[in-house]
Protein chains: 2
Amino acid sequence: MDKQEILQNLINAYAEAYQNLGYSSLMGKIVALLIASPEPQSLDQISETLQMSKGPVSQIARKLKEHQLIEKVWIPGERKDYYRAVPDIFGRAFANYASSMRRNRRLGEQFEELALSQPQQDAQLEHLAVRMNEMKRFYELMDEHNRLFLETWQEKVKPELA
Amino acid sequence: MDKQEILQNLINAYAEAYQNLGYSSLMGKIVALLIASPEPQSLDQISETLQMSKGPVSQIARKLKEHQLIEKVWIPGERKDYYRAVPDIFGRAFANYASSMRRNRRLGEQFEELALSQPQQDAQLEHLAVRMNEMKRFYELMDEHNRLFLETWQEKVKPELA
DNA sequence: TTGTTCGTTTGAAAACTTTCAAATGTTAAG
DNA sequence: CTTAACATTTGAAAGTTTTCAAACGAACAA
């Protein structure tokens with residue numbers, strides 16, 4: 001397997017992984033390409049490599065930038081935008097996930113509250129309150145672990161960033 | 001807000017959360033309904049409550065059962081299938097997630113290997129190897145934390161299960 | 001057996017998403 | 001100010017997913 005093929009395979013694997021996680025496969029492809037590229041890539045280079053027209057690449061690149069997985073870099077004397085993966089892209093992706101888990105925690109809190117605040121209680125409401133309490137506790141504990149994990153990772157990685 | 005509305009809101013919130021995570025919103029609705037129900041629900045009850053025909057409900061219920069988020073219960077003297085959320089549904093959902101993260105770890109391992117095994121090295125391959133090594137280490141550490149989290153949670157929950 | 005009550009499968013319709021090509025903005029150089 | 005080189009937006013076409021109604025098949029009851 002030569003270099004070209006390795007890159008193709010990586011792009012494919014990422015496309016599939018992203019799709020499995022419910023994102024567009026193009027998103028995975030762009031991420032894979034930028035992770036694998038030592039040099040920042042222009043929109044043209046990206047769409048050329050991925051054989052996609054610039055429209056979708058531009059849109060997905062913007063979304064990825066919003067989610068802080070990639071960033072634009074300015075290259076002196078160049079008018080094009082160049083993109084690269086952010087330095088700690090894995091940590092960043094995880095931080096995004098952790099924040100969506102915090103929403104679940106809030107759901108648990110909110111609905112436990114609601115169930116308990118009803119004037120006339122019954123088996124159904126009581127059951128709901130118990131389940132929502134479980135949900136709340138689950139995501140609270142998860143959040144603690146998430147923070148700890150990210151912290152541990154960033155301490156391990158920090159030397160590399162310097 | 002009355003009981004009916006609370007349930008509606010919960011179902012909606014789950015539908016949205018599931019959709020954000022890239023699953024079908026019906027999946028979230030069924031999960032929410034079963035979490036909120038003290039009694040197991042039949043397919044008919046589910047499709048009645050959710051105002052959906054039986055076809056999709058049947059299919060999605062099967063998928064949820066495959067992922068072990070819900071289970072069939074046998075009710076003596078009844079011919080219908082009854083479903084309920086599994087006892088530790090949050091833990092189970094997390095275990096599924098953790099296992100998809102383990103796939104990412106394997107990707108990192110695999111592509112690091114590939115990049116290093118190329119006969120003629122260059123900057124691009126070297127860069128790839130470094131990035132894939134980072135990926136591998138990230139998901140290894142994550143896996144450790146995931147295990148720890150689940151274990152901690154299950155110890156806390158076990159008393160409730162008895 | 002035969003009829004009834006279920007769950008599942010199927011095929012078509014509707015809704016949604018992805019993609020492209022072309023038009024429109026935007027920025028910087030001349 | 002004008003032009004050139006870009007990125008972004010838009011609207012239409014293609015592809016995909018979700019949904020339903022109806023047909024099918026399995027299991028049970030009589």
Side-chain angles (χ1 to χ4, degrees), chain A residues 11-12 14-34 37 39-84, chain B residues 11-12 14-34 37 39-84:
Chain A
I11 288 173
N12 265 272
Y14 260 78
E16 211 182 307
Y18 265 71
Q19 200 149 39
N20 284 167
L21 293 174
Y23 301 101
S24 95
S25 70
L26 180 53
M27 205 174 258
K29 288 182 189 173
I30 294 176
V31 167
L33 174 57
L34 292 182
S37 303
E39 302 303 330
Q41 302 284 302
S42 69
L43 223 76
D44 280 335
Q45 288 175 303
I46 297 171
S47 55
E48 159 67 17
T49 307
L50 300 180
Q51 298 279 58
M52 285 270 137
S53 68
K54 284 163 58 177
V57 173
S58 165
Q59 291 190 59
I60 303 286
R62 184 154 40 84
K63 266 192 205 163
L64 287 170
K65 198 160 77 67
E66 276 164 22
H67 290 109
Q68 305 188 55
L69 297 181
I70 69 177
E71 58 194 5
K72 283 188 188 178
V73 296
W74 176 66
I75 295 192
E78 277 280 3
R79 286 171 58 187
K80 294 186 184 181
D81 291 347
Y82 284 81
Y83 290 96
R84 72 170 166 225
Chain B
I11 289 173
N12 264 273
Y14 261 79
E16 210 183 307
Y18 266 71
Q19 200 149 39
N20 284 165
L21 293 174
Y23 301 101
S24 95
S25 71
L26 180 53
M27 205 174 258
K29 287 182 190 173
I30 294 176
V31 167
L33 174 57
L34 293 181
S37 302
E39 302 304 330
Q41 302 284 303
S42 69
L43 253 161
D44 281 336
Q45 289 176 304
I46 297 171
S47 55
E48 159 67 17
T49 308
L50 300 181
Q51 298 279 59
M52 284 270 137
S53 68
K54 284 163 55 177
V57 173
S58 166
Q59 292 189 59
I60 302 285
R62 183 153 39 82
K63 265 193 207 162
L64 286 170
K65 196 160 78 66
E66 277 164 23
H67 290 109
Q68 305 186 56
L69 297 181
I70 70 177
E71 58 194 6
K72 282 188 189 178
V73 297
W74 176 66
I75 294 193
E78 276 281 1
R79 286 169 60 190
K80 294 186 183 179
D81 290 347
Y82 283 82
Y83 290 96
R84 71 168 166 225

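Throughout, protein chains are lettered first and strands after them, A, B, ... in sequence-line order, and every chain is numbered starting at 1.
- Between A:Y83 atom OH and D:dA7 atom C1' there is a gap of 8 Å when expressed in whole angstrom units.
- Heavy atoms of other residues, nucleotides or ligands lying less than 6.0 angstrom from CD of B:E16 number 12 at most.
- No engagement by B:S25 is indicated, since no non-hydrogen atom pair under 4.0 Å with the nucleic acid exists.
- Out of D:dC20, C:dC20, D:dT8, the shortest distance to the side chain of B:P56 is found at D:dC20.
- Look at B:R62 and you'll find a side-chain N or O under 4.0 angstrom from OP1 or OP2 of C:dT9.
- For A:M27 and C:dT17, the CE to C1' distance is 13 Å, given to the nearest whole Å.
- Distance NZ (A:K29) to P (C:dT18): 12 Å, rounded to an integer number of Å.
- In this structure, the nucleotide among C:dC20, D:dC6, C:dG7 sitting nearest to the side chain of A:D44 is D:dC6.
- Atoms CZ (B:R79) and C1' (C:dG3) sit 10 Å apart, rounded to a whole Å.
- Between B:Y83 and B:Q41, the closest side-chain pair of non-hydrogen atoms is not below 4.5 Å.
- B:S47 places a side-chain N or O within donor-acceptor distance of the main-chain N or O of B:L43, the cut-off being under 3.5 Å.
- The distance from atom CD of A:Q59 to atom C1' of C:dA21 is 13 Å, rounded to the nearest whole Å.
- A pairwise comparison of heavy atoms in B:I70 and B:A61 identifies CD1-O, 3.6 Å as the closest pair.
- The CG atom of A:D81 sits 11 Å away from the P atom of C:dT27 (whole-angstrom rounding).
- Residues A:Y82 and A:S42 are in side-chain contact: their nearest non-hydrogen atoms beyond the backbone lie under 4.5 Å apart.
- Heavy atoms of A:S42 sit nowhere under 4.0 angstrom from any nucleic acid atom.
- One finds no side-chain N or O of A:S53 lying less than 4.0 angstrom from the OP1 or OP2 phosphate oxygen of C:dT19.
- The nearest whole Å value for the distance from the CG atom in A:L43 to the P atom in C:dT26 is 17 Å.
- When rounded to the nearest whole Å, the span between NZ of A:K80 and P of C:dA28 equals 16 Å.
- Along DNA chain D, the nucleotide nearest to A:Y82 and the one nearest to A:Q19 differ in position, and the one closer to the 5' end is contacted by A:Y82.
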